[in-house]
Amino acid sequence: MESFMDGGIVPPDTSRCAPAPLKRVPPSVCSRVLLYAQGMDMDPVEAVELALESLKRADAWLAAQQPPSPCPESTPNAPACPTPSDSPAAEDDPDAAACIRRMEQQVLDEAMRELHSLLKERSSGPAAPEESIRFVDGKYALRSAPDMTRRAMVPEEMDLTPLRSALKRLFRRIAGNTQAEPSDDSSPRKRDAWERTGNARRLLLLALILIPTILASSIMFTLLPSGGQPVLRLIITALFAVLFAWISVGFWSSAAGFILMLKRFDRHAVTNGLPDDLHIADDARTALLFPVYNEDAHSVAAGVRTVLQSLRRAGIERHFDIFICSDSTSPDAWVREEEAWYAICREENAFHRVFYRRRRMNLKRKSGNIADFCRRWGARYRYMIVFDADSLMTASSLARMVQVMERHPDVGILQTPPKTIRARSLIARAQQFANHLYGPIFAAGLQYWQLGDAQYWGHNAIIRVEPFMRHCQLPTLPGRMPFGGDIMSHDFVESALMRRAGYGVWLAYDLQGSYEQSPPSLIDELVRDRRWCQGNLQHTRLVFTRGFFPTHRALFINGIMSYVSALLWFLFLVASSAQAIAELFIVPDYFPETPSLFPNWPTYFPHWALTLFSGTATLLFLPKFFAVILVAIRRESAAFGGFAAMCGSVLVEVIISTFLAPVRMLSHTVFVLGALLGKSWGWNTQNRDDSGTSWSDALRFHWKGTVLGAGWGALMYLMNPGFFYWMSPIVAGLVLAVPLSVLTSRVSLGRLARRLRLFLTPVDTRQPKEVRALEQNLRKPGPFTPFPLTREDGFVRAVVVPRVFALHMALTRHARKMTPEKRARLENLAARMLEDGPDQSPTADKITVLSEPECLDALHRAVWTLPPARAGLWGIR
């Protein structure tokens with residue numbers, strides 16, 4: 001008997017009935033074989049011819065069988081087993097009906113065996129092209145990646161316990177051990193002109209932040225009530241000082257960017273002096289990396305296809321190779337990615353230009369995925385450009401990035417500021433508007449202060465591969481998550497390591513044609529921030545690592561403050577509320593302890609309070625005014641729907657941001673406190689669809705904040721109504737979090753805002769051709785299939801649909817050696833999956849089946865020979 005894992009199925013029990021000499025194949029068998037042929041990746045006429053040939057062979061096999069023996073063993077004189085043409089008699093005889101079903105099963109088994117034999121003969125023929133699925137040495141084969149040129153990537157030496165090392169150095173000095181320690185630099189390094197300019201600018205920035213912060217903090221301390229709680233006054237003042245300095249950074253960045261863009265020239269910009277054409281040297285090979293993790297394969301494929309088409313239109317396709325680097329852990333996503341890659345390669349004739357690889361082990365997440373590419377193929381390329389799953393870059397932008405790297409061999413990473421596109425929901429459109437209007441001056445300001453000490457944001461950037469491989473492999477932090485383990489926010493650390501190696505990291509703020517997409521709802525945004533928060537807090541372990549430049553230490557602190565500032569705002573509000581309540585219970589003492597003729601009445605300075613309030617508001621809102629003025633001066637307001645529509649959009653965006661700010665503050669506070677208490681948030685797939693937030697999801701996510709806001713507001717209204725009115729916007733944002741979260745996620749409100757000419761951006765009024773091409777590729781339908789399976793049913797499609805099965809078998813080349821124990825375990829797994837159906841099978845079992853070609857092959861054959869009732873569980877009619 002042929003075992004399950006040997007590529008066949010266990011034959012039905014025919015001890016009571018031998019096959020009858022049927023004159024033709026039963027109709028049910030014909031239908032099953034023809035359905036299989038329709039699912040093959042070939043011309044329909046050719047598929048039908050193959051199906052008919054297999055049926056003819058099955059019919060010939062039937063004709064060669066021996067005459068039947070009596071059916072029931074207990075009645076020797078019983079008539080012979082009936083054929084399907086004896087169906088009226090079979091209806092009244094259960095044994096005869098069972099016998100017919102067994103014979104039909106045997107015919108089906110033989111017909112499917114013959115069909116697979118014909119497919120192997122066809123796929124192994126000399127006429128099969130290299131990019132087609134071939135059958136070589138008994139296995140399916142298809143080339144999905146170039147030949148490997150393996151190189152090692154060793155984690156960079158870093159002091160992973162910098163505080164402990166600093167204490168050891170201090171104790172050695174106290175003990176009188178003045179022996180010189182090894183320096184991080186092997187030789188003195190000559191500073192470039194931009195470094196001297198950058199140091200001077202940063203000293204100026206430090207003064208611009210500290211001097212106003214000291215003045216504002218002294219005014220704040222004076223304005224607070226002087227009696228009763230001096231400790232509380234100090235806490236409030238200290239929190240105010242930190243937060244005032246924090247918002248000052250953003251203000252001065254925008255102010256510098258505004259001035260820089262008004263001048264229209266930056267002598268330190270690395271994009272100066274680029275040629276008019278897009279010429280690239282033949283040896284400047286560049287890899288475009290699309291790391292994916294359980295993403296929507298159709299959307300990713302549309303982006304890849306759009307980039308490829310843009311490169312072809314520009315005539316520079318030969319300089320670039322595209323790699324889809326998968327870390328997906330979902331079996332359905334795995335199969336969808338393979339189908340999407342194969343469709344791109346066939347339809348765009350890009351088998352030698354677009355490649356695909358999925359890692360078996362998801363080590364170090366995205367940074368590990370990129371490192372895996374570097375180890376396998378990095379030596380083939382001078383540069384690599386890293387995309388996100390929803391990124392898009394034009395051919396012009398890609399060529400300009402390569403040209404910059406060629407002109408400046410000391411640049412290790414060049415980052416572009418991506419513009420948001422394809423926003424549908426209300427919150428996404430508001431963020432897209434803010435990104436297009438405020439983003440340019442902020443990016444220019446970062447360039448002004450940072451110069452060649454900029455940060456890398458993890459995508460839409462070009463990297464010099466050779467120094468990246470030598471210096472930017474990340475170590476594993478000692479200890480457990482959330483502060484230990486793999487470095488999650490890898491990009492800031494990689495840019496710091498590249499800078500430490502002597503290469504510049506620049507922000508090409510004036511480079512156009514770089515795009516990304518934003519989360520479609522507030523909850524999706526906060527889920528993403530939860531992951532980023534944990535990654536940025538890990539940088540507390542690296543701030544004092546020896547060898548890093550001061551600017552990158554400041555960038556680490558800036559990233560940490562992006563989330564810790566929310567906790568500080570929350571503590572500031574709590575302390576202010578406590579101070580407001582304390583005023584009701586503390587009796588003021590107007591008489592000093594020393595003898596005096598007059599009481600010491602409290603003095604209020606309303607002009608100081610007005611000055612402090614107006615100064616803080618200026619820091620928050622003047623950057624928006626800078627952006628509006630710059631667009632008006634450049635006469636570009638038509639791209640935003642006109643000056644009036646732009647001003648109205650700014651007003652509505654400010655209102656939305658004001659009400660959502662308390663929700664973001666509270667959520668970030670929870671994230672920071674959770675990390676401090678040892679909670680690890682993990683790495684979740686980002687949602688990118690426009691389905692919107694349901695009321696139940698919003699209630700489940702925001703109910704605690706709503707209760708807190710209502711209780712906090714009620715308490716302050718009862719205790720101190722004056723303070724309640726001051727903090728009413730914060731209370732309103734928390735109380736209305738659920739409806740705000742739901743309504744801002746609605747695409748219908750986003751469309752309404754667009755009809756009202758709100759939140760219009762240049763990509764709406766003057767849509768780039770690459771964005772139009774992306775929209776067209778997203779609407780591109782999938783191939784015809786006769787199976788009632790959706791695109792999301794990736795695993796079932798790999799088991800059932802012949803063309804998907806053959807594709808997956810061809811890409812899963814590593815058939816591992818089978819031990820008897822492993823073979824028995826896989827046979828049990830597949831048999832259980834056959835019995836229960838795919839919906840009841842756990843994800844781990846599906847991954848196992850897809851990872852073992854022999855097991856998948858056996859399961860595929862077994863599913864196609866199942867009886868109709870059980871075959872329906874797998875989408876076979």
Side-chain angles (χ1 to χ4, degrees), residues 192-198 201 253-254 256-281 284 286 288 307 310-311 314 316 319-320 382-387 391-419 435-436 438-465 467-468 491 495 498-499 503-516 551 627 630 634 636 762-763 768 770:
D192 295 326
W194 68 261
E195 293 185 78
R196 294 189 292 270
T197 302
R201 289 180 179 180
S253 295
S254 298
F258 175 69
I259 296 173
L260 190 62
M261 296 192 73
L262 275 181
K263 291 170 57 179
R264 293 179 180 267
F265 178 74
D266 180 8
R267 64 188 179 94
H268 289 292
V270 292
T271 53
N272 290 337
L274 291 179
D276 295 333
D277 58 17
L278 301 181
H279 174 73
I280 299 175
T286 305
L288 310 182
V307 171
S310 180
L311 291 172
I316 56 175
H319 299 287
F320 299 88
R382 184 177 297 175
Y383 311 112
M384 62 180 179
I385 299 178
V386 182
F387 287 69
S391 295
L392 176 67
M393 299 189 74
T394 65
S396 174
S397 178
L398 297 172
R400 294 301 185 195
M401 294 168 73
V402 175
Q403 289 175 338
V404 169
M405 301 296 280
E406 289 286 281
R407 287 176 60 87
H408 301 277
D410 59 335
V411 175
I413 300 177
L414 181 68
Q415 175 70 60
T416 64
K419 298 289 184 64
N435 171 264
H436 283 260
Y438 316 142
I441 63 170
F442 186 74
L446 291 179
Q447 154 70 12
Y448 182 84
W449 300 117
Q450 296 173 354
L451 295 179
D453 286 315
Q455 70 266 51
Y456 161 48
W457 296 333
H459 59 92
N460 292 51
I462 186 171
I463 301 173
R464 197 175 297 273
V465 175
F468 183 86
D491 37 19
S495 60
M498 183 68 80
R499 187 71 189 97
Y503 291 85
V505 180
W506 289 81
L507 175 62
Y509 72 96
D510 54 347
L511 198 59
Q512 303 299 317
S514 179
Y515 305 105
E516 66 176 351
T551 305
L630 181 66
R634 291 189 167 191
E636 297 175 349
V763 295
E770 284 81 7

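Model, not experiment: these values are computed from the prediction.
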Tell me, do [X] and [Y] make a side-chain contact under 4.5 Å, heavy atoms counted?
{"X": "Ile463", "Y": "Val386", "result": "yes"}
{"X": "Leu392", "Y": "Val307", "result": "yes"}
{"X": "Asn272", "Y": "Phe265", "result": "yes"}
{"X": "Gln447", "Y": "Asp266", "result": "yes"}
{"X": "Thr271", "Y": "Tyr509", "result": "no"}
{"X": "Trp457", "Y": "Ser495", "result": "no"}
{"X": "Met405", "Y": "Leu414", "result": "yes"}
{"X": "Asp491", "Y": "Gln455", "result": "no"}

Closest non-hydrogen atom pair, [X] against [Y]:
{"X": "Gly458", "Y": "Gln415", "value": "N-OE1, 4.1 Å"}
{"X": "Pro467", "Y": "Met498", "value": "CB-SD, 4.0 Å"}
{"X": "Ala443", "Y": "Leu507", "value": "O-CD2, 3.5 Å"}

Taking [Y]'s backbone N and O only, do any of them form a donor-acceptor pair with [X]'s side chain (distance below 3.5 Å, no angle check)?
{"X": "Ser310", "Y": "Ala395", "value": "yes"}
{"X": "Gln512", "Y": "Ser397", "value": "no"}
{"X": "Gln403", "Y": "Ile280", "value": "no"}
{"X": "Arg407", "Y": "Gly273", "value": "yes"}

[X] [atom1] to [Y] [atom2] distance, which is reported to the nearest 0.5 Å:
{"X": "Leu260", "Y": "Trp449", "atom1": "CG", "atom2": "CH2", "value": "11.0 Å"}
{"X": "Ile462", "Y": "Tyr456", "atom1": "CD1", "atom2": "OH", "value": "11.5 Å"}
{"X": "Thr551", "Y": "Leu451", "atom1": "OG1", "atom2": "CG", "value": "9.0 Å"}
{"X": "Met401", "Y": "Ser514", "atom1": "CE", "atom2": "OG", "value": "7.0 Å"}
{"X": "His319", "Y": "Leu398", "atom1": "NE2", "atom2": "CG", "value": "12.5 Å"}
{"X": "Ser396", "Y": "Leu511", "atom1": "OG", "atom2": "CG", "value": "7.5 Å"}

### Query
Yes or no on side-chain contact (heavy atoms from CB on, under 4.5 Å) for Met384 and Thr286, after CA distance, side-chain angles and deciding distance?
CA-CA 5 Å; Met384 62 180 179; Thr286 305; 5.8 Å; no
### Message
Heavy-atom count check: over 12 atoms from other residues, nucleotides or ligands less than 6.0 Å from Phe442 CZ?
### Response
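Check fails, neighbour count at 12 or below.
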#### Entry: Residue pair Tyr503, Val411: steps toward the side-chain contact (heavy atoms from CB on, under 4.5 Å) verdict
CA-CA 5 Å; Tyr503 291 85; Val411 175; over 6 Å; no
### Query
Using 4.0 Å as the upper bound for N to carboxylate O, is an ion pair formed by Glu770 and Lys419?
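No salt bridge links Lys419 with Glu770.
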### Query
Salt-bridged, Arg382 to Glu406, with N to O below 4.0 Å?
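So Arg382 pairs with Glu406 through a salt bridge.
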### Task
Assess whether side-chain contact (heavy atoms from CB on, under 4.5 Å) is satisfied between Val404 and Trp506, documenting all intermediate values.
CA-CA 10 Å; Val404 169; Trp506 289 81; over 6 Å; no
### Message
Checking Ile413 against Arg464 for the side-chain contact (heavy atoms from CB on, under 4.5 Å) test, could you report, in this order, the C-alpha distance in whole Å, the side-chain angles of both residues, the deciding distance, and whether it holds?
### Response
CA-CA 6 Å; Ile413 300 177; Arg464 197 175 297 273; over 6 Å; no
### Message
So, applying side-chain contact (heavy atoms from CB on, under 4.5 Å) with Met393, which one of Thr416, Leu311, Leu288 is it?
### Response
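When side-chain contact (heavy atoms from CB on, under 4.5 Å) is applied between Met393 and each of Thr416, Leu311, Leu288, only Thr416 qualifies.
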### Query
Honestly, is Arg201 close enough over Tyr448, meaning NZ or CZ under 6.0 Å from the six-membered ring centre and within 45° of the axis?
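Satisfied, under 6.0 Å and within 45°.
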### Task
Please assess Ser391 against Asn460 for the test side chain to side chain donor-acceptor pair (under 3.5 Å), listing each intermediate value before the final yes or no.
CA-CA 7 Å; Ser391 295; Asn460 292 51; 2.7 Å; yes
